[in-house]
Amino acid sequence: MRLCTTSRRPVPPAAGAALRWLAAALVLLTLTGCDDPLLPKDPPMPEVPLLRWYVFAERSGAFAAAAARCSEQANGAFRVEMVALPADADQQREQLVRRLAARDSDIDIIGMDVIWTPEFATAGWILPWSGRLAEQSRTGRLAAAVQSASFGERLWAAPFTTNTQLLWYRTDRVSTPPATWDQMLDMAESLGAGAIQAQGERYEGLTVLFTSLLASAGGAVLDESGTGVALPDEPTRTALAIMRRLASFPAADTTLATDREDQARLAFETGAPSFMINYTYVWPSAQRNAPEVAANMGWARWPAVVEDQPSRVTIGGINLGVGAWSRHPQLAFRAAACLASEDNQRLAAERGGLPPTIAALYDDARVRDTFPFADLLRETLQDAVQRARTPLYNDVSLAISRTLHPMRAIDPQRDVKRLRAVLDRALRSEGLL
Amino acid sequence: MKRIPAEYRLGWLLVAPAVVAMLVVTAWPVLYACWLSLFRYDLRFPDQRAFVGLDNYLSVLSSEVWWQSLGNTLIITVGSVAVELLLGFALALLMHRALFGRRTVRTAILIPYGIITVVAALAWKFAFDPTTGFVNALLGLDQAWLTERGSALFVIIFTEIWKTTPFMALLLMAGLTLVPDDLLRAARVDGAAAVQRFFRITLPLMKPAILVALLFRTLDAFRIFDTVFVQTRGAQSTESVSVVGYHTLITRLNLGLGSAVSVLIFVCVVIIAVLFVKGFGTALARGEEQP
């Protein structure tokens with residue numbers, strides 16, 4: 001505006017017009033940006049606070065039903081609305097962490113993958129649970145699930161659903177399921193090419209396989225403090241040797257290096273493979289897509305590495321955390337506790353096929369209908385192992401999957417050392433991975 | 001002729017909004033990335049932020065991962081751009097000389113370029129997959145293409161070529177229209193064969209257009225991300241520099257190290273651009289010298 005009024009220099013008429021238009025545009029911009037009493041006001045805020053629950057897009061509608069149920073039970077104290085995140089856990093995290101780091105107050109409740117707890121807690125992106133609600137969220141839950149939601153003596157999320165891998169096999173070809181990996185590999189090698197389906201792509205699934213094998217062999221990735229590399233020699237070498245043998249012809253498929261859970265499931269449903277390491281969702285899927293395969297599909301405990309020493313399998317699942325920048329944190333805690341309650345866990349199990357974290361639900365008749373292998377699942381979960389508990393988990397996982405991919409190129413002797421070196425750097429967040 | 005100062009000032013005033021917009025959307029992020037790359041700064045541990053000078057650059061440049069990904073990126077860039085140039089030329093000539101159905105031919109050739117890169121990458125990933133794909137059946141092979149480095153790089157380069165050859169062809173066709181018909185006719189009268197006419201007249205006259213096409217495509221190919229990310233996620237040693245940057249910045253939230261990677265990619269792009277512009281400049285100069 002000053003440009004127009006104070007300028008004494010001759011300005012060409014066209015330029016004068018341009019300036020006037022520019023000034024008018026600026027005035028308009030500032031006007032719309034302010035709270036102008038002449039402009040109509042936004043509609044009044046709804047009386048019921050709205051809580052936004054960020055969680056992966058659950059397809060059966062069990063999560064949406066739980067949200068509706070909790071909103072109703074709240075009697076007008078709050079309303080829960082589900083916000084869908086991508087199906088892939090890496091992409092869920094990608095979206096969440098950027099928004100949480102930018103202090104997004106829209107995120108009230110978070111459906112957190114079990115591996116995020118230390119990272120989110122350390123960064124101050126979620127609030128710790130305490131008092132009655134913490135007690136309620138711990139009671140009757142599987143110990144491993146509670147542990148996955150805890151970090152440094154505190155509970156950071158309410159255990160909601162859980163998951164773990166089982167061994168699936170063809171009952172028509174295998175009379176007794178193998179108890180150890182060595183037995184399974186022997187059987188597979190005599191059954192012909194591609195008998196075992198597993199996860200060998202360079203992604204989280206490869207880290208899961210390594211973690212389960214290492215824990216079953218009696219080792220761990222990190223030391224007790226969680227800040228240093230453990231990887232004891234003997235168990236690590238054993239785990240790597242099994243991975244190497246699994247990837248060697250003829251046990252596995254030639255596509256192992258690009259297989260994830262779903263490729264393994266699809267391959268098993270063709271009927272050719274005899275064994276598969278996978279999560280429980282493959283059971284309803286086989287019944288739907290390949291009934292003739294499902295009719296001959298058996299389940300057993302994930303094979304052990306050391307004889308007479310039960311396997312320890314990696315735990316997965318979703319816990320419910322409360323966003324640190326939420327506008328209604330107290331209500332969010334209440335809502336999250338409601339979402340993770342027994343009724344809603346039963347709903348998620350029945351409708352969505354997601355195993356509950358409440359141990360007693362595995363005796364529930366309807367849950368047992370969904371999971372005919374409920375006892376095996378609970379037993380496996382009771383011995384389950386956590387993935388490395390460190391705020392730098394993503395760096396650690398990236399380091400493991402990078403070093404061990406492709407599995408066919410593993411040299412146990414050499415790779416123990418390589419793994420230690422690269423993990424050491426990852427824990428100091430140094431260098432590229 | 002000298003301009004009147006007022007007019008000059010007005011000129012600046014009128015371009016000012018555009019200049020400000022450019023500074024805000026391009027210069028500022030670039031400078032901010034340079035600034036960030038001098039810090040140890042992890043989004044997860046904002047309290048540990050500290051100035052580390054050039055440490056991040058040393059860390060990247062002394063890393064095997066960086067050099068390997070740079071090598072991969074160069075292989076993909078050179079491999080795809082070279083083939084695209086040859087194929088693009090053939091298609092450009094076809095589009096230029098098409099006697100009938102010229103519009104149909106041009107539209108058909110442009111279709112791959114209209115497909116979103118992620119979709120094209122996924123389509124070819126499925127096509128080369130041993131269970132879902134047709135490629136193995138077509139060639140009578142039993143190959144898991146994306147599980148080995150050589151074949152995985154081939155699939156990535158193939159997808160790039162399939163996708164962007166039309167772009168190359170379009171730019172080259174624009175160059176072909178620059179070649180005056182009477183020159184070609186005169187050459188024919190003088191007894192020059194088709195091959196001679198192409199190499200002695202068409203090609204030299206098209207040099208600027210070829211260089212522009214090459215520059216655009218090289219810069220584009222060097223920044224390749226989506227095809228690699230979709231098809232291999234960088235596994236089998238096919239990682240490009242952009243994928244390394246993504247892992248550091250987005251997955252590991254390491255803003256310092258990630259910015260250093262981004263700045264180094266930017267430097268590489270500038271080097272490529274300078275090399276091309278130099279070549280481009282001399283070609284233009286030579287073009288002017290010739291009558």
(Q) I'd like to verify something: which residue of A:Asp395, A:Thr258, A:Leu100, A:Asn394 has the highest number of heavy-atom pairs under 4.5 Å with chain B? (A) A:Asp395

**Q.** Part of B:Glu148 within contact of chain A (heavy atom distance under 4.5 Å)
**A.** both

**Q.** Proximity breakdown for A:Asp253 and chain B, heavy-atom pairs closer than 4.5 Å
**A.** neither

Q) Can you check whether B:Gln236 reaches A:His405 side chain to side chain, under 4.5 Å on heavy atoms? A) yes

**Q.** Contact origin within B:Glu239 toward chain A - heavy atom pairs under 4.5 Å
**A.** side chain

Q. Would a 4.5 Å heavy-atom cut-off, applied to side chains only, mark A:Thr254 and B:Gln143 as touching?
A. no

Q: Take atom CD1 of B:Ile116 as the centre, draw a 6.0 Å sphere, and report whether it contains more than 12 heavy atoms from other residues, nucleotides or ligands.
A: no

Q. If you count heavy-atom pairs under 4.5 Å between each of B:Leu253, B:Val244, B:Thr248 and chain A, which one has the most?
A. B:Leu253

Q) Using non-hydrogen atoms only, which part of A:Leu392 is less than 4.5 Å away from chain B: side chain, backbone, both, or neither? A) both

Q. Side chain, backbone, both or neither: which part of B:Leu257 has a heavy atom under 4.5 Å from chain A?
A. side chain

(Q) For the CZ atom on B:Arg149, are there more than 12 heavy atoms of other groups (residues, nucleotides or ligands in this structure) within a distance under 6.0 Å? (A) yes

Q. Taking all atoms of both residues into account, what is the closest heavy-atom pair of A:Glu94 and B:Ile250, and its distance?
A. CG-CG2, 3.1 Å

Q. So, B:Arg44 side chain and A:Thr122 main chain: donor-acceptor pair closer than 3.5 Å or not?
A. no

Q. Which answer fits B:Thr251, side chain, backbone, both or neither, if we ask what part of it has an atom under 4.5 Å from a heavy atom of chain A?
A. both

Q: Identify which part of A:Gln95 has an atom lying under 4.5 Å from any heavy atom of chain B, answering side chain, backbone, both or neither.
A: neither

Q | Region of A:Leu432 in contact with chain B, defined by heavy-atom distances below 4.5 Å | A | both

Q | OG on A:Ser429 to CD on B:Gln48, rounded to 0.5 Å | A | 7.5 Å

Q. How many angstroms lie between OG1 in B:Thr147 and CG in A:Leu256, if you round to the nearest 0.5 Å?
A. 9.5 Å

Q. Relative to chain B, which of A:Ala409, A:Ser401, A:Ala123, A:Pro406 shows the most heavy atom pairs under 4.5 Å?
A. A:Ala123

